[in-house]
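Lettering follows sequence order; numbering is per chain, from 1. Values below: every heavy atom of this structure, side chains too, minus hydrogens, waters and symmetry copies.
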Protein chains: 2
Amino acid sequence: MEELKKFGLKATLPRLRILQLLETNNQHHMSAEDVYKALLDVGKDIGLATIYRVLTQFEAAGLVIRHHFDDNSSVFELNAGHHHDHLLCIKCGKVIEFVDDVIEEHQRTIAKQHGFKITNHYLYIYGVCSTCYDKRNIT
Amino acid sequence: MEELKKFGLKATLPRLRILQLLETNNQHHMSAEDVYKALLDVGKDIGLATIYRVLTQFEAAGLVIRHHFDDNSSVFELNAGHHHDHLLCIKCGKVIEFVDDVIEEHQRTIAKQHGFKITNHYLYIYGVCSTCYDKRNIT
DNA sequence: ATGTATGCAAAACATTTGCACCTGG
DNA sequence: CCAGGTGCAAATGTTTTGCATACAT
């Protein structure tokens with residue numbers, strides 16, 4: 001909880017609560033709105049503006065990663081230290097995390113060939129998961 | 001130009017102009033605002049709302065691909081038929097397109113392992129290009 | 001003609017910011 | 001105590017929508 005101090009951020013209640021929520025929530029990917037509602041549900045009324053500010057600071061501190069999935073809003077996930085990519089179901093919203101060393105290696109090679117210093121990279125594979133696919137003709 | 005009809009879209013002036021712009025513009029990646037301004041510059045005053053509507057229809061028709069780059073706005077590019085990924089400079093905005101067969105193959109494998117039917121996928125590598133990197137201590 | 005498209009202005013969102021008040025160290 | 005943090009409401013930027021008018025077929 002005190003990793004906040006490493007980044008010169010005071011350990012305030014809103015920050016601690018948001019961090020704790022991200023650490024314990026079983027859906028790792030949350031929008032600012034999701035965080036807001038989840039905290040409200042637990043009786044913690046933290047302003048949405050503060051949530052945006054805190055998440056943005058967390059992102060700058062490297063505690064959190066911001067993604068721009070297909071819709072026009074941002075989702076945040078705790079930076080667990082190990083980079084991973086995402087496989088997303090467009091029907092049910094399921095998110096699967098994965099790592100493929102060969103893909104990682106090829107990305108580095110491509111960046112090098114073009115003279116780029118990589119800062120970060122995102123791979124999103126969208127599709128329909130087996131559960132949703134099986135249901136396709138049922139309803 | 002008449003690929004519009006294939007999708008049940010009337011060949012109206014705004015659509016033809018937007019399509020033509022995307023086909024001829026040397027920057028392949030344009031936001032709705034970019035398209036709006038580019039057309040204005042050529043004396044074609046097409047409402048921004050129409051541009052959004054047309055680009056969205058083009059996307060649905062598969063004529064255009066919509067990307068959500070790091071900022072919170074959408075950019076569109078003509079679907080040239082051959083899928084490719086993107087390498088982006090965070091300093092100057094340069095965009096390089098590339099294809100890596102090994103990466104593509106591994107993506108298919110991963111999706112299959114998880115029982116997903118891929119609909120599409122996006123790989124964005126962000127970094128600093130050599131030009132910007134060389135300039136880093138100059139200014 | 002007639003169903004579709006467009007333009008404009010207003011609405012809907014997601015996100016950011018200004019400012020007075022509160023709080024952690 | 002005091003710098004930094006928060007809440008609220010207003011501002012911003014992007015994208016969507018309602019509706020009357022204009023256009024392609």
Within less than 4.0 Å of OP1 or OP2 of D/dT14, is there a side-chain N or O belonging to B/Ser31? no
Can you sort out which residues in residues 68-77 of chain A have a heavy atom within less than 4.0 Å of DNA chain C? Ascending by number, please. A/Asn72, A/Ser73, A/Ser74
Could you work out which one of C/dT15, C/dA5, C/dG25 sits closest to the side chain of A/Tyr52? C/dT15
Interatomic distance, [X] [atom1] vs [N] [atom2] [rounded to whole Å]:
X: A/Arg66; N: C/dA14; atom1: CZ; atom2: P; answer: 14 Å
X: A/Glu33; N: C/dT15; atom1: CD; atom2: P; answer: 9 Å
X: B/Arg15; N: D/dT25; atom1: CZ; atom2: P; answer: 10 Å
X: A/Gln57; N: C/dT15; atom1: CD; atom2: C1'; answer: 15 Å
X: B/Arg17; N: D/dC23; atom1: CZ; atom2: P; answer: 12 Å
X: A/Leu39; N: D/dT6; atom1: CG; atom2: C1'; answer: 14 Å
X: A/Tyr36; N: D/dT6; atom1: OH; atom2: P; answer: 15 Å

Using the benzene-type ring in the case of Trp, are the ring centres of A/Phe69 and A/His67 under 6.0 Å apart? yes
Using the benzene-type ring in the case of Trp, are the ring centres of A/His29 and A/His86 under 6.0 Å apart? yes
Name the residue closer to the 5' end of DNA chain C, choosing between B/Val54 and B/Lys10 according to the nucleotide with the nearest heavy atom. B/Lys10
Look for any protein N or O under 3.5 Å of an N or O in nucleotides 7-11 of chain C and output each such pair with its distance, or none.
from	atom 1	to	atom 2	distance (Å)
C/dG7	OP2	B/Gly47	N	3.2
C/dG7	OP2	B/Thr50	OG1	2.6
C/dG7	N7	B/Arg53	NH2	2.8

Whether B/His82 and B/His84 hold their rings parallel, tilted or perpendicular, with breakpoints at 30° and 60°: tilted
Which residues end up grouped with A/Val102 if you chain together Ile, Leu, Val, Met, Phe, Trp and Tyr wherever their side-chain heavy atoms are less than 4.5 Å apart? B/Val102
